[in-house]
Amino acid sequence: MTPRTAPTTYRVKSFGCQMNAYDGTRMGELLAAQGLVPAAEGEEGELVVLNTCHIREKAAEKVYSDIGRLVKAGREAGKAPMIAVAGCVAQAEGEEIMARAPAVSMVVGPQAYHRLPEMLGHAVAGRRVTDTEMPAIAKFAALPERRRIAPAAFLTVQEGCDKFCTYCVVPYTRGAEISRPYVDLVREALTLVEAGAKEITLLGQNVSAWCGEDGKGRAVGLAGLIRDLAAIDGLARIRYTTSHPADMDDALIAAHGEVDKLMPFLHLPVQAGSDRVLRAMNRSHTAESYLRLLERFRAARPDIALSGDFIVGFPGETEADFAETLALVEEVGYAQAFSFKYSPRPGTPAATMDGQIAAEIMDDRLQRLQTLLNRDQYAFNRATSGKACEVLVERRGKLPGQWLGKSPWLQSVWFEGDCAIGDIVSVTLGEAGPNSLAGAIIPVS
Ligand code: 5AD
Ligand code: SF4
């Protein structure tokens, strides 16, 4: 590649999970610290970072088509953007991307993006660079301080996964479980709150496995971290995601009953309702043990809203197995959920298992599952209608004078009135839709 002028504007496009969203924000902060500014609304930017997700189907193809689109648009505009590929596809297929896509200047894995400024220097000099090393922790220490923050902020506390569910690429793309140190997290949380965050969602591929030592050298788990963060003045709400049933301890359950700032919401993926399938997935829980666990959360916090992830069509899943997933959904009554068709991920054990399921069967199962999940989400929303609750105002709505925020149960609530982004307003929930509710601000008397 020939040397080129340094880009002055950037756009980071993040796909996939909230951890990628967090990484995308931090990559933007890094680039801003180098003097680049975000591209104007509707423009791509002179540097485009594709922050990719590898968890499900066609991830790599999507990256190549995005690159192709950027190259074409650049050619038409007479100015090719500099392209960086980041995230889990970069980690898994870095070399191949470099070989197949000459327009890409930088490939950077999720554990290496703190080196973007240095890589940018190489790219400007005309040298293509790949960095997919996984030096645990180094990244966070090398990132700039957090500054402009939305009222609902993310904070990555843990990365990687040691669970090795047989369908999942995460243990390979994000590496082994690591917990960020307690003191760093408290410091970052304080900075976020000073910069305007009212709510912090603690993120990790396996967030409930977070562990560390508090300022006094005592071993603490996620519940201890949550309790200590709850002491921060100005921080009103704490959430965490994503958890694995194997790591939910008594302390975390108790925290849901005792820490007011911990929101009544739990995202706890189950994936399937058949113990045979769960065993083949290497999930280390049964349908029954999962249900008992949820009961304990409900006992600690009766109004807790439950959320889950599901995979239909795992290799060998029979109609009877799938019926057990539907039965589990009937029993739980989820407030929301994410459901996916199984997608073989190269290199994972399930990809080569016998009994891969035909696409039409997966489509049919997914549709039946989603019919139930949508019904339950709508029912949950209707059941909260009439309740008073606090809503964190996150952005303006589509209509003039309208605002959008989140209820404690993570529902989207829209309403009109006199408030500003970042306010926490008391609202009576009104008419419920499948995906959101109307609200009315309760006048302060
Ligand atoms: N196929 C389909 N869904 C998957 N997930 C993870 N790996 C796969 C796969 N290979 C889903 C799981 C997980 C969520 C983040 O993505 O439900 O909880
Ligand atoms: Fe993937 Fe399982 Fe780890 Fe979740 S717990 S990231 S599904 S291996």
Side-chain angles (χ1 to χ4, degrees), residues 14-22 52-62 87-89 91-92 110-111 156-179 201 203-210 222 240-248 266-274 277-285 287 289-290 293 306-317 322 325 328-329 332 334 336-353 355-357 359 361-363 365-366 369-370 373:
S14 290
F15 305 92
C17 67
Q18 289 159 322
M19 299 198 59
N20 251 19
Y22 173 90
T52 60
C53 169
H54 200 228
I55 203 145
R56 282 177 296 274
E57 252 169 324
K58 302 201 176 81
E61 289 84 85
K62 182 169 167 22
C88 291
V89 178
Q91 188 66 41
Q111 302 301 352
T156 292
V157 304
Q158 181 278 335
E159 291 197 296
C161 183
D162 296 340
K163 296 285 185 286
F164 289 94
C165 300
T166 53
Y167 50 80
C168 186
V169 284
V170 166
Y172 311 95
T173 56
R174 292 269 175 168
E177 276 175 13
I178 57 137
S179 294
T201 301
L203 297 179
Q205 259 93 30
N206 221 329
V207 71
S208 38
W210 181 87
L222 187 66
Y240 62 90
T241 198
T242 290
S243 306
H244 188 286
D247 297 315
M248 310 305 276
L266 173 67
H267 178 64
L268 192 62
V270 63
Q271 313 297 359
S274 146
V277 172
L278 288 169
R279 215 172 308 119
M281 288 177 162
N282 191 30
R283 284 292 296 177
S284 79
H285 60 82
S289 69
Y290 175 84
L293 187 57
L306 299 170
S307 163
D309 286 348
F310 294 87
I311 296 176
V312 301
F314 185 80
E317 183 187 70
F322 177 64
T325 299
L328 182 137
V329 169
V332 173
Y334 287 95
Q336 57 163 261
F338 302 93
S339 47
F340 312 101
K341 287 185 270 189
Y342 168 72
S343 148
R345 305 283 72 212
T348 60
T352 48
M353 281 180 185
Q356 302 284 327
I357 305 291
I361 297 181
M362 285 209 244
D363 286 337
R365 288 182 188 164
L366 187 66
L369 174 61
Q370 290 186 340
L373 292 170

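Note: hydrogens, waters and symmetry copies are ignored here, and every other heavy atom, side chains too, is used. As the structure lists them, so they are numbered: ligands from 1, and atoms in each ligand from 1.
Of all protein heavy atoms, the one lying nearest to atom 12 (C) of ligand 1 is Gln271 OE1, 3.4 Å. For atom 4 (C) of ligand 1, the nearest protein heavy atom (residue, atom name, distance) is Ile311 CD1, 3.6 Å. From the protein, the heavy atom lying nearest to atom 2 (C) of ligand 1 is Lys341 O, 3.3 Å. Protein heavy atom closest to atom 7 (S) of ligand 2, with residue, atom name and distance, is Tyr167 OH, 3.3 Å. Atom 6 (C) of ligand 1 has its closest protein heavy atom at Ile55 CG1, 3.4 Å. In terms of protein heavy-atom proximity, atom 3 (Fe) of ligand 2 is closest to Cys161 SG, 2.2 Å. At the top of the distance list for atom 16 (O) of ligand 1, counting protein heavy atoms only, stands Arg56 NH1, 2.6 Å.
The nearest pair of heavy atoms linking Thr52 to Asn20 is O-ND2, 2.9 Å.
Proximity of Pro171 to ligand 2, defined as any heavy-atom pair under 4.0 Å, is confined to the side chain (atoms from C-beta onward). Heavy atoms from both the backbone and the side chain of Tyr167 come within less than 4.0 Å of ligand 1. Counting heavy atoms under 4.0 Å from ligand 2, residue Phe164 touches it through the backbone alone.
Between Asp309 and ligand 1, at least one pair of N/O atoms sits closer than 3.5 Å. Taking only nitrogen or oxygen atoms, main chain and side chain alike, Ser343 reaches within less than 3.5 Å of ligand 1.
With hydrogens and angles disregarded, no donor-acceptor distance shorter than 3.5 Å links the side chain of Gln158 to the backbone of Leu203. At least one donor-acceptor pair under 3.5 Å links the side chain of Gln205 to the backbone N or O of Gly160. Thr166 places a side-chain N or O within donor-acceptor distance of the main-chain N or O of Ala280, the cut-off being under 3.5 Å. Of the possible polar contacts, one joining the Thr325 side chain to the Gly273 backbone as a donor-acceptor pair under 3.5 Å is found. Here the side chain of Glu317 pairs no donor or acceptor atom with the backbone of Met362 at under 3.5 angstrom. Of the possible donor and acceptor atoms, one in the side chain of Asn282 sits under 3.5 Å from a partner among the backbone N and O of Phe164.
Under the 6.0 Å cut-off for aromatic ring centres, His267 and Phe338 qualify, their centroids lying closer than that. The ring of Phe310 has its center closer than 6.0 angstrom to the ring center of Tyr334.
For the atom pair OG of Ser243 and CE of Met248, the computed distance is 3.5 Å after rounding to the nearest 0.5 Å.
Using a 4.0 Å threshold on non-hydrogen atoms, atom 1 (Fe) of ligand 2 counts as touching the protein.
Those atoms of ligand 1 with a heavy atom of Phe340 less than 4.0 angstrom away are 3 (N), 11 (C), 14 (C), 16 (O), 17 (O). Every atom of ligand 2 is numbered from 1 in the order shown, and the set under 4.0 Å from a heavy atom of Lys163 is 3 (Fe), 5 (S). For ligand 2, the atoms closer than 4.0 angstrom to any heavy atom of His244 are 5 (S).
Atom 2 (Fe) of ligand 2 has an N, O or S atom of Cys165 closer than 2.8 Å.
In the candidate list Val170, Thr173, Asn206, Val170 is nearest to atom 6 (S) of ligand 2, counting heavy atoms.
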Review point. Does the side-chain hydrogen bond (donor to acceptor under 3.5 Å, both in side chains) test come out yes or no for Gln111 and Glu159, once each step is laid out?
Key: CA-CA 9 Å; Gln111 302 301 352; Glu159 291 197 296; 3.3 Å; yes
